[in-house]
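First comes the structure, then the notes that go with it.
We number each residue from 1, following the sequence as shown.
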Amino acid sequence: MAHFITFLLVLSLSLTFSLLPETASAQLRQNYYAKTCPNVESIVRKAVTQKFRQTFVTVPATIRLFFHDCFVQGCDASVIIQSTGSNKAEKDHPDNLSLAGDGFDTVIKAKQAVDAVPSCRNKVSCADILAMATRDVIALSGGPSYAVELGRLDGLRSTAASVNGKLPHPNFNLNQLKSMFAAHGLTQTDMIALSAAHTVGFSHCSKFSNRIYNFSRRSAVDPTLNRAYATQLQQMCPKNVDPRIAINMDPNTPRAFDNVYYKNLQQGKGLFTSDQVLFTDKRSRPVVDAWAANSKTFNSAFITAITKLGRVGVKTGRNGNIRRNCDAFN
């Protein structure tokens with residue numbers, strides 16, 4: 001009898017533990033929608049490919065959107081929410097004003113394509129669509145393809161105030177970058193890998209003008225900048241340049257997601273201080289050198305890093321829902 005009571009106790013304990021909520025990121029898995037919307041990945045890929053054919057901006061815009069979303073309140077599509085009279089949303093914070101409209105449009109169009117399939121309607125979150133779209137634009141521009149984990153819910157709040165101090169700035173040094181990424185469980189290696197998103201896309205001149213005009217009392221130009229590249233930047237970004245003018249972040253292969261980003265750093269052609277510091281700082285330089293020499297090891301590290309990024313602050317249960325429209329709460 002005593003043995004039987006012990007057995008019941010153990011059984012009851014094991015059932016209790018099995019019913020405890022999983023950590024949010026543990027809910028994520030490949031083929032999450034296998035039963036509810038089995039073709040979701042091909043539907044999203046088709047919509048993203050169509051958008052990509054219209055404009056290459058789709059690539060950097062979608063990648064940045066994913067990054068800016070995950071770093072503020074986790075990967076919950078809160079960055080897509082439109083402001084209302086009573087709420088200033090994340091997207092209207094100064095650090096998000098440079099997010100290109102094509103990224104938002106990509107997710108909204110992919111969501112519409114998914115919801116156009118009756119069995120899939122209101123079954124797939126905007127947060128998951130953004131994660132899939134990010135994987136797809138990386139592959140479309142020559143980067144690595146990877147299996148994306150799914151199962152995120154959409155966030156229930158989005159405020160501009162929540163963005164304060166959450167996103168890296170172009171003038172960050174290695175310590176600042178490391179601590180910001182570490183706050184999300186990302187290592188220095190993950191940070192260096194994710195920085196390669198700057199191999200595609202563009203920047204407004206104001207984001208780096210201090211490096212080419214008024215760097216310090218000793219030198220107007222940042223001495224870590226390649227001289228010829230600095231002159232080129234001054235020509236493209238004269239002092240009173242139209243603030244709408246933007247230039248390619250990668251001067252060599254701006255439309256390819258590749259390891260040329262690291263080769264550029266070796267030559268002093270990192271556009272931001274936060275790019276170039278990865279080479280000038282001896283702690284991160286060995287990784288830059290390794291990935292400049294070997295695209296396969298870079299691709300592998302990038303897949304690891306972006307998968308980890310996609311697990312940040314995932315919403316589950318009552319902490320989220322599936323939005324009918326990506327840019328508005330239900």
Side-chain angles (χ1 to χ4, degrees), residues 44 48 51-52 54-82 89-110 126-144 148 155 158 160 162-163 165-172 177 180-181 184 186 190-208 244 246-250 254-258 261 270-272 274-275 302 305-310 312-313 326-327:
V44 170
V48 172
K51 177 75 184 166
F52 169 76
Q54 291 167 1
T55 171
F56 183 82
V57 177
T58 302
V59 177
T62 305
I63 298 170
R64 274 194 83 209
L65 193 66
F66 184 58
F67 186 96
H68 281 231
D69 183 45
C70 293
F71 259 48
V72 180
Q73 301 191 106
C75 310
D76 63 354
S78 54
V79 73
I80 303 175
I81 291 290
Q82 295 271 15
E90 283 177 37
K91 68 180 294 188
D92 288 319
H93 185 279
D95 287 353
N96 282 332
L97 293 178
S98 62
L99 289 171
D102 289 294
F104 297 93
D105 194 44
T106 299
V107 179
I108 288 164
K109 288 207 165 122
C126 301
D128 275 346
I129 288 172
L130 175 53
M132 285 183 265
T134 301
R135 184 267 310 270
D136 294 339
V137 296
I138 288 166
L140 283 166
S141 54
V148 71
S158 175
S162 63
V163 182
K166 295 289 169 61
L167 295 168
H169 283 199
N171 60 352
F172 270 16
L177 289 168
M180 186 162 275
F181 279 72
H184 299 296
L186 298 162
D190 296 328
M191 178 270 291
I192 300 169
L194 291 169
S195 296
H198 288 172
T199 187
V200 287
F202 46 84
S203 168
H204 292 96
C205 298
S206 60
K207 297 289 183 186
F208 57 87
R244 292 169 296 183
I247 67 156
N248 290 324
M249 296 202 68
D250 179 341
R255 286 177 170 246
F257 193 100
D258 55 23
Y261 170 78
L271 189 60
F272 295 160
S274 58
D275 292 314
F302 182 82
I306 200 155
T307 301
K308 284 171 72 175
L309 175 63
V312 171
C326 290
D327 59 359

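Between the side chains of T58 and D102, no donor-acceptor pair is found at a separation under 3.5 Å.
The shortest heavy-atom contact between A193 and F302 is O-CD1, 3.3 Å. For the pair T199 and A256, the tightest heavy-atom approach, listed with the atom from each and the gap, is OG1-O, 3.3 Å. Taking both residues in full, the closest heavy atoms of I108 and C326 are given as CG1-CB, 4.2 Å, listed atom of the first, atom of the second, then distance. The minimum heavy-atom distance between S141 and V59, with the atom names listed, is OG-CG1, 3.5 Å. The shortest non-hydrogen separation linking P168 to L177 is CB-CD2, 4.0 Å. The shortest non-hydrogen separation linking Q82 to K91 is OE1-NZ, 3.6 Å.
The closest side-chain heavy-atom distance from F67 to L309 is below 4.5 Å. No side-chain heavy atom of T106 sits less than 4.5 Å from a side-chain heavy atom of D136. K51 is not listed as a side-chain neighbour of T62, based on a closest heavy-atom distance of 4.5 Å or more. With a 4.5 Å cut-off on side-chain heavy atoms, V137 and F257 do not count as touching. Considering only heavy atoms from C-beta on, F208 comes within 4.5 Å of I247 through its side chain. In this structure the side chain of I81 never reaches within 4.5 angstrom of the side chain of D327, judged on heavy atoms.
Among D95, L99, N96, I80, the single residue meeting the side chain to side chain contact (heavy atoms under 4.5 Å, CB included) criterion with E90 is N96. In summary, of the residues considered (P60, S203, P254), a side chain to side chain contact (heavy atoms under 4.5 Å, CB included) with N248 occurs for P254 alone.
The backbone N or O of A100 sits nowhere less than 3.5 Å from a side-chain atom of R64 that would complete a donor-acceptor pair. D69 places a side-chain N or O within donor-acceptor distance of the main-chain N or O of S78, the cut-off being under 3.5 Å.
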Where do L194 and I306 land on the side chain to side chain contact (heavy atoms under 4.5 Å, CB included) test, with the steps shown first?
-> CA-CA 7 Å; L194 291 169; I306 200 155; 4.1 Å; yes

May I have the step-by-step check of side chain to side chain contact (heavy atoms under 4.5 Å, CB included) for F272 and M249, ending in yes or no?
-> CA-CA 9 Å; F272 295 160; M249 296 202 68; 3.5 Å; yes

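Under the 30°/60° scheme for interplanar angles, the aromatic rings of F181 and F71 are found to stand perpendicular.
Atoms CG and CD1, on L130 and I63 in that order, are 11.0 Å from each other to the nearest 0.5 Å.
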